[in-house]
Amino acid sequence: MSPAPVSFQDWISTLPKWHGLLQLSPERPYAHAEEAYDTQYGVTAGEPEEGQGLCALLQTHGVDTTGPALEIGCGTGRLTFGLAQHYPGPDFLITDPSQAFLRLTQGQFGSGEGYPTRLHFAVLNADDMGSLPPGLFSLITMRSTLHHILGVGGFVAACARALRPGGALVMGAEPCEYGYVLMGAVGQTIAPALAAAGVEVPPAWKEKLASFTDTIRFYCRRDIDKTTAEDKHLFSPHEMADLGEAHGLRLRFLANATFSDYAPPYQAEFVSFSVFFMNYLKYCMLFDEEFLKLIRRHLRTQLRYIDDCYRSHTGPAITGVYLLRKTPATP
Ligand SMILES: C[S@@+](CC[C@H](N)C(=O)[O-])C[C@H]1O[C@@H](n2cnc3c(N)ncnc32)[C@H](O)[C@@H]1O
């Protein structure tokens, strides 16, 4: 006979606490300055759309929301803020390996002891998920975090164990292998296209280009030790479906969707491959404005070709939401 499930309150009362943060893992700072994160990505803190959209998605897909929710890798709280307002379940455990990120997220809910009592904050590295009690959570979620976790197979297995039947593991803003490799291939053509147009490419820009295409190859490869890298992987929906199925989770993949697409004003964030590509160079690879302008001008034909292929439907799959639902209990 399997042991009776532990209650959330009983479980967290057993955990060590240090300066107001529950301790489930040793702390690990982020690879870049946590305070500079929102500025780099142009994020305005305190917007509810991501969490609100996720809750709408849970309702549409009939996910059980009567139990506690767990967020992995909260960062500065982009998903957390709206989820704390809209998640219908009783408790919400907000986690990150970085204490600095947890403090920034706490700051969204006021200061001192004034947080709503159903919010709990814990230092947690997703590679330590095996320590969570089985069948406790209705929702395990994250935004732009799965690709940072070293052991993705072990993580999905641990989530399947920690979920209640009818609950779900829902991951948004994760990179899709097909679209990223296409971005890398287009990136390879930038220097020749500029040279053909008589544009001299200074060494600093050549370095940026090499870093971009090397980075994508690094993410894609699976025969490299990625232990010390911050960003690590790309994902294929068909492989995620197989992985989920092996652990009793059924995948629904929403190509190029974001959580906020499902909140008012219900406007899809993904516009086209070319817009995603140029934003990636600007925000993730930090290309300067002059360089971006030249790329936009001299790669117009290649980028328009890809956009034209997808005038009738969304594609190529370059990002998206992975919703893995645990089979509901039979009555
Ligand atoms: C790209 S940021 C995303 C932050 C936030 N979720 C957002 O959408 O803005 C990745 C987050 O994953 C966290 N992270 C990195 N490695 C992790 C791991 N092994 N387990 C859990 N979280 C991790 C980082 O500290 C960071 O907060």
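By convention here, the first residue in the shown sequence is residue 1. On a predicted model such as this, the values are computed, not experimentally measured, just so you know. In listed order, ligands and their atoms are each counted from 1.
Between Ile72 and ligand 1, not a single N/O pair is under 3.5 Å apart. Every N/O-N/O distance between Ile149 and ligand 1 stays at or above 3.5 Å. In terms of polar-atom proximity, defined here as any N/O pair under 3.5 Å, Arg78 makes no such contact with ligand 1.
Counted by atom type alone, Thr80 and Gln108 present zero donor-acceptor pairs between their side chains at under 3.5 Å. Judged purely by distance below 3.5 Å, without hydrogens or angles, the side chains of Thr258 and Asp261 pair a donor atom with an acceptor atom.
Of the heavy atoms in Arg28, only side-chain atoms (C-beta onward) come closer than 4.0 Å to ligand 1. Proximity of Ala173 to ligand 1, defined as any heavy-atom pair under 4.0 Å, is not found for any part of the residue.
A salt bridge links Arg311 with Asp308: the distance from a Lys NZ or Arg NE/NH1/NH2 to an Asp or Glu carboxylate oxygen falls below 4.0 Å. Checked for salt-bridge contact, Arg103 and Glu35 miss the test: no charged N lies under 4.0 Å from a carboxylate O.
Grouping the Ile, Leu, Val, Met, Phe, Trp and Tyr side chains by contacts below 4.5 angstrom, directly or via other members, places Met171 with Phe253. In the hydrophobic cluster analysis, where Ile, Leu, Val, Met, Phe, Trp and Tyr join through side-chain heavy atoms closer than 4.5 angstrom, Tyr178 is grouped apart from Phe212.
Nearest heavy-atom pair across Cys176 and Tyr322 is SG-OH, 4.0 Å.
When only non-hydrogen protein atoms are considered, atom 3 (C) of ligand 1 lies nearest to Tyr37 OH, 3.4 Å. Closest to atom 11 (C) of ligand 1 among all protein heavy atoms lies Thr145 OG1, 3.6 Å. Considering only non-hydrogen protein atoms, atom 22 (N) of ligand 1 sits nearest to Pro97 CD, 3.2 Å.
Residue contacts with ligand 1 do not include Met142, since none of its heavy atoms lies under 4.0 Å from the ligand. In this structure, Glu34 does not count as a contact residue of ligand 1, since none of its heavy atoms falls inside 4.0 Å of the ligand. Under the 4.0 angstrom criterion for non-hydrogen atoms, Asp96 is in contact with ligand 1. In this structure, Leu79 falls outside the shell of residues with a heavy atom less than 4.0 angstrom from ligand 1. The shortest heavy-atom distance from Tyr41 to ligand 1 is not under 4.0 Å.
Listed by atom number, the atoms of ligand 1 under 4.0 Å from Asn125 heavy atoms are 18 (C), 19 (N), 20 (N). The atoms of ligand 1 that sit less than 4.0 Å from any heavy atom of Cys74 are 5 (C), 6 (N). Contact atoms of ligand 1 toward Glu230: 15 (C), 16 (N) (distance under 4.0 Å to a heavy atom of the residue). Listed by atom number, the atoms of ligand 1 under 4.0 Å from Ala126 heavy atoms are 18 (C), 19 (N), 20 (N), 21 (C). The contact set between ligand 1 and Arg143, taken as ligand atoms under 4.0 Å from a residue heavy atom, comprises 3 (C), 5 (C), 6 (N), 7 (C), 8 (O), 9 (O).
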>> Using side-chain contact (heavy atoms from CB on, under 4.5 Å), reason through Arg164 and Lys326 one step at a time and then give a plain yes or no.
In response: CA-CA 7 Å; Arg164 294 179 176 202; Lys326 186 164 173 169; over 6 Å; no

> Can you check side chain to side chain donor-acceptor pair (under 3.5 Å) on Asp10 and Ser13, steps first, answer last?
Replying inline: CA-CA 5 Å; Asp10 285 352; Ser13 70; 5.0 Å; no

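Taking the six-membered ring wherever Trp is involved, the centroid distance between the rings of Tyr30 and Phe101 falls below 6.0 Å.
Across Gly77, Gly73, Ser144, heavy-atom proximity to atom 4 (C) of ligand 1 is greatest for Gly73.
Of the options Leu70, Leu83, Leu139, a side chain to side chain contact (heavy atoms under 4.5 Å, CB included) to Phe92 is made by Leu83 and by none of the others.
His233 places no side-chain N or O within 3.5 Å of a backbone atom of Asp231 that could act as its donor or acceptor partner.
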